[in-house]
2 protein chains.
Amino acid sequence: MAVTIKDVARLAGVSQSSVCRALADPARVRPETRDRVERAAHELDYHPNRVARSLITGRTLNIGVVLPDLANPFFPSVVKAIQTRARGFDYAVFLSDTDEDPALEVPAIRALAEQVDGFLLCSPRAADEELRSNAREKPIVVLNRRVTPFPSVTADSADGMRQAVAHLHALGHRSVAYVAGPRTSWSNRDRLRGLRAATAARGMDLVEAGNVAPTVDGGAAAADLVLATPATAVLAYNDLTALGLIQRFHARGVDVPGRISVVGFDDIHLAALVVPPLTTVAIAKEQIGRAGVDLLLASMAGRDSTGTARRVLPTQLIVRGSTGPAPV
Amino acid sequence: MAVTIKDVARLAGVSQSSVCRALADPARVRPETRDRVERAAHELDYHPNRVARSLITGRTLNIGVVLPDLANPFFPSVVKAIQTRARGFDYAVFLSDTDEDPALEVPAIRALAEQVDGFLLCSPRAADEELRSNAREKPIVVLNRRVTPFPSVTADSADGMRQAVAHLHALGHRSVAYVAGPRTSWSNRDRLRGLRAATAARGMDLVEAGNVAPTVDGGAAAADLVLATPATAVLAYNDLTALGLIQRFHARGVDVPGRISVVGFDDIHLAALVVPPLTTVAIAKEQIGRAGVDLLLASMAGRDSTGTARRVLPTQLIVRGSTGPAPV
DNA sequence: TTGAAAGCGGTACCAA
DNA sequence: TTGGTACCGCTTTCAA
């Protein structure tokens, strides 16, 4: 059996209450008492039980992270940052992977609700309304999406797309394709919106090639569709999709970037390792995680009254070998 | 405020105890009572508070997963499998990333100990003795390592190495190098052991090139060392390391597999996407996660008395473009 | 079969 | 400054 506060009280010869005070707020007990308690606690290697504590304080020191697919390298990066940041504040992290199934998100939130002080929802796929239905329970911060009235952390996709389009335009491309991600993905819509604006601003043609899964296979499936269009460059919803495109192009003997240029989004770690290395719009994944934790902590502390916080992080085009001059 | 058992009791016009019984073990109350309780519970959308329950039952329905680096794509695959499997048993998952720092593992375990029913330690880096010091607290299952007296799930590295060496031998290689991972990694020692046996069995030369971080950068750092040896093929501790090797070889204009063949370990998702695609020893990552959960559940249920369970999963060499005939 | 009451391990309030 | 005590939400004796 674990050592409890009673054991410490007995050994120190004081009451439970004093032990509690001595440990929580040393200033509120006599130095002598504090010493006795501390010595007893140390001797017994006593650590207050968080579960019991949370029952009365209502604070669990846990946060819940819900995300659609840990197999997408984007998310581990974010989760790692969340974990590290949370640990710094003595918070532990629950992880729930919903397998890209929007229907699993609300149950995932419900299941964790009593054990956490708040949620970080990464790229949630469920409808706004569904997410809002959980709003009263616990604070929620949304990453890679905006859902009123939750605080959010997003990337400046529009600017990223502007950079990518400027790059392609400078290379002589006048017709580009977009391989879209999940219809339920806010980032997808956001990126598409930015891309439309950017291409329109430069009078370029934009072909939209169907929605695919945000995976390598999804990209591979879209490759042939893209080749059937007049586009000389293709922007993918994310890097995995872009890698799928490149893979399929390679298999068909289509030269990248000779025949067609490819641009990804996210800058996952391995984007630089493929051949040709992938030109992509980088997002500060670690910052997303950190900012998410900070926002959540703030909103748990009730310091969110200044209005809904919205952090928009900058994006940065990373030019690598998968983009080149448009074919003549 | 959330709805509690009292609210249900009041609405149903029965005592707390009856509500508890009716919900936990319907057979122990009169059908009529059960109906009243069920209706009331349903109407109020009552869900028992797991935290409060765990305080008295001692079961949290949570498991803790501790791993060294989520940025290594191997781990997300395992975690995803763990998550999925755990959800099936109504368990939630705590995740703790220790950043390859052995000193963080025991604190991570301690921090979670009260909130979980058991631990899944993925490739722990801490010393056996340190890990054992936590043994009394909660059941532990170790993945990718063996630590007496914990149940474990490992891959059959020796057989994987045998397959890889047979493959290289058939291609004419007689001298191979091994780029080792962290000294603290059991898998690293296990793989090296298997490799030594396999090369010795065929009378091949084995050069061991220092220990590096199990990352792309680590591999890149080892590339030049490898080229300074007579080896015509190199086996890397894991795929990330192998990709780093290939990257650096590429940068130096060294042909893979023309001048040197490269073999990885793990078969991470993106191994197939690089050019040349990576020949690697595949591990059933999802099975590791699933088996881990199953073993942990068994040991939590106390069904572990038959002795320490050790599941060893098969490995499978996947031959791709990064290996070819030895240069003449 | 049911209800009352005692905890699980803490925290917080109140009176002393 | 300290100790006694109620209570967080639930489960589990123990009587009735």
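Below, chains carry the letters A, B, ... as their sequence lines are ordered, and counting in each starts from 1. Fair warning: this is a prediction, and the values are worked out from it, not measured in the lab.
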Working for side-chain contact (heavy atoms from CB on, under 4.5 Å), residues A:Asp90 and A:Arg50: CA-CA 11 Å; A:Asp90 205 25; A:Arg50 285 187 176 201; 3.0 Å; yes
Distances under 3.5 Å only, N/O to N/O: pair up the protein atoms with those of nucleotides 12-16 of chain D.
none

Figure out the [atom1]/[atom2] separation between [X] and [N], and round it to whole Å.
X: A:Gln115; N: D:dG9; atom1: CD; atom2: C1'; result: 14 Å
X: B:Leu23; N: D:dT11; atom1: CG; atom2: P; result: 8 Å
X: A:Lys6; N: C:dG7; atom1: NZ; atom2: C1'; result: 8 Å
X: B:Asn49; N: D:dC10; atom1: CG; atom2: C1'; result: 8 Å
X: A:His47; N: C:dG9; atom1: NE2; atom2: P; result: 16 Å
X: B:Arg34; N: C:dT1; atom1: CZ; atom2: C1'; result: 14 Å
X: A:Asp35; N: D:dT1; atom1: CG; atom2: P; result: 15 Å
X: A:Leu61; N: C:dG10; atom1: CG; atom2: C1'; result: 13 Å

Overall bend of the helix from C:dT1-D:dA16 to C:dA16-D:dT1 (five pairs an end, 10° steps) is 50°
Ignoring hydrogens and geometry, is there a side-chain-to-backbone donor-acceptor pair from [X] to [Y] under 3.5 Å?
X: B:Asp117; Y: B:Ile63; result: no
X: A:Asn49; Y: A:Val51; result: yes
X: B:Thr98; Y: B:Leu67; result: yes
X: A:Arg145; Y: A:Pro124; result: yes
X: A:Asn188; Y: A:Arg183; result: no
X: A:Lys138; Y: A:Val116; result: yes

Step through the shown structure and confirm whether more than 12 heavy atoms of other residues, nucleotides or ligands are within 6.0 Å of CZ on B:Arg189. yes
Would you indicate, yes or no, if [N] has its OP1 or OP2 atom less than 4.0 angstrom from a side-chain nitrogen or oxygen of [X]?
X: B:Ser18; N: C:dG3; value: yes
X: B:Arg30; N: C:dT2; value: yes
X: A:Arg53; N: C:dT11; value: yes
X: B:Ser15; N: C:dG3; value: yes

Using a 4.0 Å heavy-atom cut-off, does A:Val51 contact any base of the nucleic acid, only the sugar-phosphate backbone, or nothing at all? nothing
Please examine the side chains of A:Ser185 and A:Arg125, heavy atoms only from C-beta on, and report whether any two atoms are closer than 4.5 Å. yes
Starting the side chain at C-beta, find the nucleotide from C:dT2, C:dG10, D:dT2 nearest to B:Val29. C:dT2
